[in-house]
Enquirer: 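I am attaching a structure below and will ask some questions about it afterwards.
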Amino acid sequence: MRCPFCGYSESRVIDSRPAEEGATIRRRRECMSCQKRFTTYEIMERLPLVVIKKDGSRQTFDKIKMLNGMLRACEKRPVPMANLQAAADEIEQELQNSLEREVTSTEIGEQVMRRLKSLDEVAYVRFASVYRQFKDINTFMEELTKLLNDK
């Protein structure tokens, strides 16, 4: 690691500790040449995840976009933001843990619906109505009937 002050390439680690809930490691270093101290962060390299959309186009996975969809479904519902964030983190972790680097938007949508169903049934139906593109009231009623039968 090069010193940001003098450019010398040798430094020693003085202190290491987890940061950002264990996602990164914060290291305090001291330059072996000028003895000035600086901080570095070490993060695990993640392979990019590509989402295959319904129209066949591809784009990189965006957890914020997924979370925004969940937030819209939960609008004016008593669902804590922390629960939605945790659900989004779980989905992202599941996708990263799979060996596939490409995932369909359908798979992501199904995972979101599964999480929303356990968090708030109204939010689940809202998300499903947009995601599954309910055409009429009968399609809506079929989904509600399934939800009631699951209870």
Side-chain angles (χ1 to χ4, degrees), residues 1-134 140 143 146-147 150-151:
M1 182 64 61
R2 288 195 181 282
C3 173
F5 305 106
C6 69
Y8 192 69
S9 62
E10 297 290 322
S11 64
R12 69 184 183 103
V13 176
I14 297 170
D15 179 44
S16 290
R17 62 180 65 173
E20 297 178 26
E21 299 175 4
T24 63
I25 297 177
R26 177 185 181 271
R27 299 194 194 281
R28 284 296 290 163
R29 295 177 177 270
E30 183 177 65
C31 176
M32 301 297 278
S33 175
C34 69
Q35 279 71 46
K36 289 191 178 177
R37 293 183 177 184
F38 57 99
T39 302
T40 61
Y41 290 90
E42 182 179 309
I43 61 169
M44 181 173 45
E45 183 179 36
R46 291 189 172 199
L47 296 172
L49 194 60
V50 176
V51 178
I52 304 169
K53 308 291 279 181
K54 288 179 182 176
D55 66 359
S57 64
R58 288 171 161 70
Q59 65 184 66
T60 56
F61 174 76
D62 184 0
K63 182 170 77 170
I64 302 298
K65 186 176 177 182
M66 179 182 66
L67 185 59
N68 284 337
M70 294 168 73
L71 280 169
R72 277 192 301 276
C74 292
E75 200 168 293
K76 297 184 182 178
R77 298 294 306 156
V79 181
M81 181 63 183
N83 292 6
L84 290 176
Q85 185 68 48
D89 290 343
E90 288 171 13
I91 293 169
E92 182 185 34
Q93 191 63 50
E94 225 174 90
L95 294 172
Q96 285 289 343
N97 288 346
S98 76
L99 299 177
E100 300 297 319
R101 292 296 96 206
E102 292 186 339
V103 62
T104 63
S105 59
T106 306
E107 292 173 50
I108 295 171
E110 293 297 326
Q111 287 191 30
V112 168
M113 287 196 311
R114 195 167 50 253
R115 298 300 191 305
L116 284 177
K117 193 174 190 178
S118 64
L119 291 174
D120 186 87
E121 291 173 341
V122 173
Y124 162 76
V125 172
R126 284 179 179 172
F127 188 86
S129 69
V130 174
Y131 173 70
R132 291 197 176 140
Q133 299 173 344
F134 290 177
F140 202 84
E143 192 65 35
K146 278 192 241 174
L147 189 61
D150 287 347
K151 284 188 166 187

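All values reported here derive from a predicted model rather than from experimental measurement.
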Enquirer: Using ring pair (Phe, Tyr, Trp, His ring centres under 6.0 Å) as the criterion, list what pairs up with Y124, not counting sequence neighbours.
Expert: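 Per chain and number, Y124 pairs via ring pair (Phe, Tyr, Trp, His ring centres under 6.0 Å) with no residue.
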
Enquirer: Would you say S98 and V103 make side-chain contact, with heavy atoms under 4.5 Å?
Expert: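 A side-chain contact under 4.5 Å is absent here.
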
Enquirer: Identify the two heavy atoms, one from L67 and one from A88, that lie closest to each other, and give their separation to 0.1 Å.
Expert: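 Where L67 meets A88 most closely, the heavy atoms are CD1-CB, 4.0 Å.
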
Enquirer: Which atoms form the tightest heavy-atom contact between F5 and R37, and what is the distance?
Expert: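 Minimum heavy-atom contact is CE1-O, 3.5 Å.
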
Enquirer: Considering only heavy atoms from C-beta outward, does the side chain of Q111 approach that of R115 to under 4.5 Å?
Expert: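 Side-chain contact under 4.5 Å: yes.
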
Enquirer: Who pairs with R26 by salt bridge (Lys or Arg N to Asp or Glu O under 4.0 Å), at least two apart in sequence or on another chain?
Expert: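 If we apply the salt bridge (Lys or Arg N to Asp or Glu O under 4.0 Å) test to R26, skipping adjacent residues, there are no hits.
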
Enquirer: When you look at NZ of K65, are more than 12 heavy atoms from neighbouring residues, nucleotides or ligands closer to it than 6.0 Å?
Expert: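 Counting neighbours around NZ of K65, 12 or fewer heavy atoms of other residues, nucleotides or ligands fall under 6.0 Å, so no.
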
Enquirer: Does some side-chain heavy atom of R72 sit less than 4.5 Å from a side-chain heavy atom of V130?
Expert: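 Side chain of V130 against side chain of R72, heavy atoms only: no contact under 4.5 Å found.
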
Enquirer: Just by modelled atom types, is the E75 backbone N or O under 3.5 Å from a matching donor or acceptor in the R126 side chain?
Expert: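 Here the side-chain-to-backbone pair exists.
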
Enquirer: Could you check if a side-chain atom of F127 sits within less than 4.5 angstrom of a side-chain atom of V112, using non-hydrogen atoms only?
Expert: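 Yes, close enough: below the 4.5 Å cut-off.
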
Enquirer: Going by atom types alone, do Q85 and D89 pair a side-chain donor with an acceptor below 3.5 Å?
Expert: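 Judged by distance alone, the side chains do pair up.
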
Enquirer: For the side chain of R114 and the backbone of G109, is there at least one donor-acceptor N/O pair under 3.5 Å apart?
Expert: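 It does not hold such a pair.
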
Enquirer: Measuring from R77:CZ to L71:CG, what's the distance to the nearest 0.5 Å?
Expert: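 Going from the CZ atom of R77 to the CG atom of L71 covers 14.5 Å.
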
Enquirer: State, with a plain yes or no, whether a side-chain heavy atom of R101 is found less than 4.5 Å away from one of Q96.
Expert: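 The answer is yes, as the side chains (C-beta and beyond) meet within the 4.5 Å cut-off.
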
Enquirer: Identify the two heavy atoms, one from S16 and one from R27, that lie closest to each other, and give their separation to 0.1 Å.
Expert: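 In this case the closest contact between S16 and R27 is OG-NH1, 2.6 Å.
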
Enquirer: Please determine, by modelled atom types, if S9 and R2 share a side-chain donor-acceptor pair under 3.5 angstrom.
Expert: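 No pair is found: no donor N or O on one side chain lies under 3.5 Å from an acceptor on the other.
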
Enquirer: Would you give the length of the straight line joining atom CE of M66 to atom CD1 of I108, rounded to the nearest 0.5 angstrom?
Expert: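 One gets 7.0 Å once the value is rounded to the nearest 0.5 Å.
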
Enquirer: Is K76 atom NZ crowded by more than 12 heavy atoms from other residues, nucleotides or ligands, each under 6.0 Å away?
Expert: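 It does not: K76 NZ has 12 such atoms or fewer within range.
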
Enquirer: Going from CD on E92 to CG on L49, what distance comes out if it is rounded to the nearest 0.5 angstrom?
Expert: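 Interatomic distance, E92 CD to L49 CG, rounded to 0.5 Å: 8.5 Å.
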
Enquirer: Please report the interatomic distance CZ(R29) to OG1(T39), rounded to the nearest 0.5 Å.
Expert: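 The OG1 atom of T39 is 10.0 Å from CZ of R29, to the nearest 0.5 Å.
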
Enquirer: With rounding to the nearest 0.5 angstrom, report the CE to CE distance, M70 to M81.
Expert: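 If I round to the nearest 0.5 Å, the distance is 9.0 Å.
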
Enquirer: Would you give the length of the straight line joining atom CD of E10 to atom OG of S33, rounded to the nearest 0.5 angstrom?
Expert: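 The CD atom of E10 sits 10.5 Å away from the OG atom of S33.
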
Enquirer: Within a 6.0 Å radius of atom CD on Q35, are there more than 12 heavy atoms belonging to other residues, nucleotides or ligands?
Expert: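 More than 12 heavy atoms, drawn from other residues, nucleotides or ligands, come within 6.0 Å of this atom.
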
Enquirer: Which atoms form the tightest heavy-atom contact between C31 and Y8, and what is the distance?
Expert: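 Closest heavy-atom pair between C31 and Y8: SG-CB, 3.9 Å.
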
Enquirer: How close do L116 and A123 get, heavy atom to heavy atom, and via which atoms?
Expert: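 Here L116 and A123 meet closest at CD1-O, 4.1 Å.
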
